[in-house]
Amino acid sequence: MSKKKIAVFASGNGSNFEAIVKACVEGTVDAEVVLCVTDRPGAYVTERAARAGVPMVEFRPKDYPSKRDFELMLMHHLEEKEVDLICLAGYMRIIGETLLEAYPGRILNIHPSLLPAFRGADAVGQALAYGVKVYGVTVHYVDATLDGGKIIAQAAISYEGNDRDDLEAMIHAREHILYPEAINRVLPTI
Ligand code: GRF
């Protein structure tokens, strides 16, 4: 059977994109990353994609009259590459109904908190401000709610300090392990 095909959507740094590509190349995940999509042309993820030889779609949402229009454009690329699974990895945009209806149960996201705590933007900052002692990472299905879809995998991180850089480094390191694990749980179901 041919490998399942993954598209990764990212808006920024792309370290999770790279971790997913690495897991596929090394065979930890039995799939192939066939597309990198970014809504921020020139974001660092595009350098990572070029280095990894992964085709890219770079677009500016404001060049389209509506979310439906740019999601239809994205669907064209996703269909062309026969994408089975979409992994959001630092994609700073809410997925609209066009993509949600086209890929039911096939869009995942990673969020840097133990959901349902600290949904939305700057989850790490929210958790630090709260003074939590256990942080974490969640991979979940994407639905129409904000960070609200069914949870696939979670990992907890104990941290009692207040150095944001240290904490974020710990969170990222854990994300790079958890996302491939979550993908492995989902692949047999799609
Ligand atoms: C990650 O912390 C992820 O949880 C959040 O955005 C960040 C993306 O990091 N959704 P990177 O671009 O993959 O390095």
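Just so you know, these numbers come straight off a predicted model, no measurement behind them. Start at 1 and go down the list; that is how both ligands and their atoms are numbered.
Interface of E175 with ligand 1, defined as ligand atoms under 4.0 Å from a residue heavy atom, comprises 1 (C), 2 (O), 3 (C), 4 (O). Atoms of ligand 1 found under 4.0 Å from any heavy atom of N13, numbered from 1 in the order shown, are 12 (O), 14 (O). Taking a cut-off of under 4.0 Å to the non-hydrogen atoms of P112, the atoms of ligand 1 that pass are 4 (O), 5 (C).
In this structure, the protein non-hydrogen atom closest to atom 10 (N) of ligand 1 is I110 O, 3.0 Å. Of the protein's heavy atoms, S15 OG, 2.5 Å lies nearest to atom 14 (O) of ligand 1.
Under a 4.0 angstrom heavy-atom cut-off, H172 registers as being in contact with ligand 1. Within the structure, the closest approach of G14 to ligand 1 falls below 4.0 Å when heavy atoms are considered.
The backbone N or O of D69 sits less than 3.5 Å from a side-chain atom of S66, completing a donor-acceptor pair. Between the side chain of S11 and the backbone N or O of M92, at least one donor-acceptor pair lies under 3.5 Å. Judged purely by atom type and a 3.5 angstrom limit, H111 uses its side chain to pair as donor or acceptor with the backbone of F118.
Closest heavy-atom approach to atom 6 (O) of ligand 1 within the set A123, A19, G90: this belongs to G90.
Between E18 and R48 there is a salt bridge, since at least one side-chain N of the basic residue sits less than 4.0 Å from a carboxylate O of the acidic one.
Minimum heavy-atom separation, A7 to L78: CB-CD2, 3.6 Å.
One side chain, Q154 or T138, offers a donor N or O that lies under 3.5 Å from an acceptor on the other.
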